[in-house]
Amino acid sequence: GIRVNYSTYESNEAMYTKLRSGSVNYDVIIPSDYMISRLIDEGMLMKLDFDQIPNYANIDEQYRNMIYDPNNEYSVPYTWGTTGIIYNPNMVQQPITKWADLFDEEKVGTHSVLMFDNSRDCIAIALMALGYDINTTDASQITEAVDLLVKQKQDGIVQAYVMDQIFDKLEGGEAAMGVYYAGDFLSMKENNPDLAFAIPKEGANFFVDAMCVPKGARNKTEAEEWINFMCSYDASMANLDYIWYASPNPQVMKDYVAELDEETAAVLNPSKEELSRCQMFVNLPKETLELYDELWVLLKS
């Protein structure tokens, strides 16, 4: 009997800006790990009443007590996955296996690459290509990474910085490759079977998106009812089938993956070896975030 008004945002940073402005009011938000940390640190989330969320019992232990919410007070895992390179083998000369390939004009050509249009994901790609930690606070390493992105742009390799615009561009063959999330690759592949996905040799970002209740929510009881509903087996299964993002419910994953072909299963549920090369973002210190903002403006302009 509850009507749900649903809206989306292009990036965690866009969501943060909208919430911080105070111009909107939501009962449930679904940010990613590092942004949840930031929202907790800045007092922007409410503690959840887990007595009202009994289906939390369906969440796999490995997705509890995570670094972004170590005491399990503010969030309930919703989905997880990795970033990677999505490419069309018919439009490139050789397999794309490394982040460094995206900066090699001889290998990928010009106007061929779609890059993330958000600072955290985009700069992380350059950091990994250079062999640096995606959570580094070393200003010289971050600056070197942005310099690499500037060169990539100046060399004409980048076609565009995109978020969900990547769907139309890759499905329609407008670009040879792009960087995005594994779940979205599986959605794209339904419309363009030629597309392939790779977790690069340097590793990738492993992320968890989780459901939270922001400070000032008007309907906390109903918000917790919604979160509980989304943790149920049936809702989790239907959601996975629709959005292709991996579920933190182990029974849902087991049952769903069992019905998939080997290639699709490998993207949705990467091997332990692949996941061992992946790293989760953490919330960065204020001065580092300010450097990101400054360098991002420089890159985009």
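Everything numeric here is computed off the predicted structure, so don't read it as measured data. Sequential numbering from 1 along the given sequence is applied to the chain's residues.
Between the side chain of D209 and the backbone N or O of T79 there is no donor-acceptor pair closer than 3.5 Å. The closest donor-acceptor contact from the side chain of Q165 to the backbone of M163 lies under 3.5 Å. At distances below 3.5 Å, at least one donor-acceptor pair connects side-chain atoms of T143 with backbone N or O atoms of A139. Side chain of D60 to main chain of Y63: no donor-acceptor pair is present (N/O by atom type, distance under 3.5 Å, no hydrogens or angles). Of the possible polar contacts, one joining the Q159 side chain to the E174 backbone as a donor-acceptor pair under 3.5 Å is found. Counting only distance, with no hydrogens or angles, the side chain of R64 and the backbone of P70 share no donor-acceptor pair below 3.5 Å. Remark: the backbone N or O of N65 is paired with a side-chain donor or acceptor of N72 at under 3.5 angstrom. Remark: the backbone N or O of Y233 is not paired with any side-chain donor or acceptor of Q251 at under 3.5 angstrom. D155 contributes no side-chain N or O that, together with a main-chain N or O of Q152, makes up a donor-acceptor pair within less than 3.5 Å. Without hydrogens or angle criteria, N71 side chain to E73 main chain gives no donor-acceptor distance under 3.5 Å.
Once rounded to the nearest 0.5 Å, the distance linking NZ of K107 with CG of D101 reads 3.5 Å. Between I30 atom CD1 and M15 atom CE the span is 10.5 Å, to the nearest 0.5 Å. Here the CG-CD distance, from L130 to Q141, works out to 9.0 Å after rounding to the nearest 0.5 Å. Taking CD1 from I2 and CG from N219, the interatomic distance works out to 8.0 Å, rounded to the nearest 0.5 Å. With values rounded to the nearest 0.5 angstrom, M46 atom CE is found 9.5 Å from D27 atom CG. One distance of note links SG of C122 with CG of L295; it measures 11.5 Å at 0.5 Å rounding.
Donor-acceptor pairing under 3.5 Å is lacking for the side chains of D138 and Y132. A donor-acceptor contact closer than 3.5 angstrom links the side chains of D184 and Y245. Side-chain N/O atoms of D194 and N88 include no donor and acceptor closer than 3.5 Å. Using modelled atom types, one finds no donor on one side chain facing an acceptor on the other under 3.5 Å when comparing S232 with N55. In this model, a donor atom of one side chain and an acceptor atom of the other lie less than 3.5 Å apart for D69 and S75. Looking at Q279 and D133, their side chains do bring a donor and an acceptor atom within 3.5 Å of each other. Side chain to side chain, D261 and T264 meet the donor-acceptor criterion of an N or O pair below 3.5 Å. Donor-acceptor pairing under 3.5 Å is lacking for the side chains of N228 and E224.
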Problem set entry | Intermediate values then yes/no, side-chain contact (heavy atoms from CB on, under 4.5 Å), K215 and L45 | CA-CA 5 Å; K215 271 279 177 65; L45 298 181; 5.9 Å; no
For this session: Apply the test side-chain contact (heavy atoms from CB on, under 4.5 Å) to residues Y34 and R120: give CA-CA distance (whole Å), side-chain angles for both, the deciding distance (0.1 Å), then the verdict.
Result: CA-CA 10 Å; Y34 71 98; R120 196 67 196 270; 3.4 Å; yes
For this session: Please report the C-alpha distance between L260 and Y256 in whole Å, then the side-chain angles of each, then the deciding distance to 0.1 Å, and finally whether the side-chain contact (heavy atoms from CB on, under 4.5 Å) criterion is met.
Result: CA-CA 7 Å; L260 299 176; Y256 197 79; 3.9 Å; yes
For this session: Determine, step by step, whether Y68 and V282 satisfy the side-chain contact (heavy atoms from CB on, under 4.5 Å) criterion, reporting the C-alpha distance in whole Å, the side-chain angles of both residues, the deciding distance to 0.1 Å, and the verdict.
Result: CA-CA 7 Å; Y68 59 86; V282 300; over 6 Å; no
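Here the side chains of I67 and D33 are not in contact, with every heavy-atom distance at 4.5 Å or above. F167 has its side chain out of reach of N191: every pair of non-hydrogen atoms, C-beta onward, lies at least 4.5 Å apart. Counting heavy atoms from C-beta outward, T83 and V179 have side chains that stay 4.5 Å or more apart. Contact annotation: the side chain of I125 approaches that of W99 to within less than 4.5 Å [non-hydrogen atoms, C-beta and beyond]. Side-chain contact between L102 and I85: present, with at least one pair of heavy atoms (C-beta onward) separated by less than 4.5 Å. In this structure the side chain of M177 reaches within 4.5 angstrom of the side chain of V108, judged on heavy atoms. The shortest distance between side-chain heavy atoms of I142 and T136 falls below 4.5 Å. The shortest side-chain heavy-atom distance between L39 and C212 does not fall under the 4.5 Å cut-off.
V213 and V4 fall within the same hydrophobic cluster, defined by Ile, Leu, Val, Met, Phe, Trp and Tyr side-chain heavy atoms under 4.5 Å apart, directly or through other members. Cluster annotation: V297 and I123 are assigned to distinct hydrophobic clusters (Ile/Leu/Val/Met/Phe/Trp/Tyr, side-chain heavy-atom contacts under 4.5 Å, transitive). M91 and L114 are assigned to two separate hydrophobic clusters, defined by single-linkage of ILVMFWY side chains at heavy-atom distances under 4.5 Å.
Results of the side chain to side chain contact (heavy atoms under 4.5 Å, CB included) test with V208 over S32, P77, P248 single out P77 as the only residue that passes.
When all heavy atoms are compared, the tightest approach of G216 to N25 is O-ND2, 3.0 Å. Residue S247 comes nearest to M253 through the heavy atom pair O-CG, 3.1 Å, listed as atom of the first residue, atom of the second, then distance. The two residues M211 and C231 make their nearest non-hydrogen contact at CE-SG, 4.0 Å. The minimum heavy-atom distance between Y292 and I134, with the atom names listed, is OH-O, 4.1 Å. Of all the heavy atoms in S301 and L298, the pair that sits closest is OG-O, 3.2 Å. In terms of heavy atoms, A176 sits closest to L170 at C-CD2, 4.4 Å.
Under a cutoff of 6.0 Å and an axis angle of 45°, R218 and Y26 do not form a cation-pi pair.
By the 4.0 Å N-to-carboxylate-O rule, K189 lies close enough to E263 to be salt-bridged with it. The pair K300-D117 meets the salt-bridge criterion, with a side-chain N (NZ, NE, NH1 or NH2) lying under 4.0 Å from an Asp/Glu carboxylate O. Between R38 and D41, none of the side-chain N atoms (NZ, or NE/NH1/NH2) sits under 4.0 Å from a carboxylate O, so this pair counts as no salt bridge. Note on R20 versus E42: salt bridge recorded, some NZ/NE/NH1/NH2 to OD/OE distance being below 4.0 Å.
Checked against the 6.0 Å centroid criterion, the rings of F207 and Y181 qualify as a close aromatic pair. Here F116 and Y180 bring their ring centres to under 6.0 angstrom of each other.
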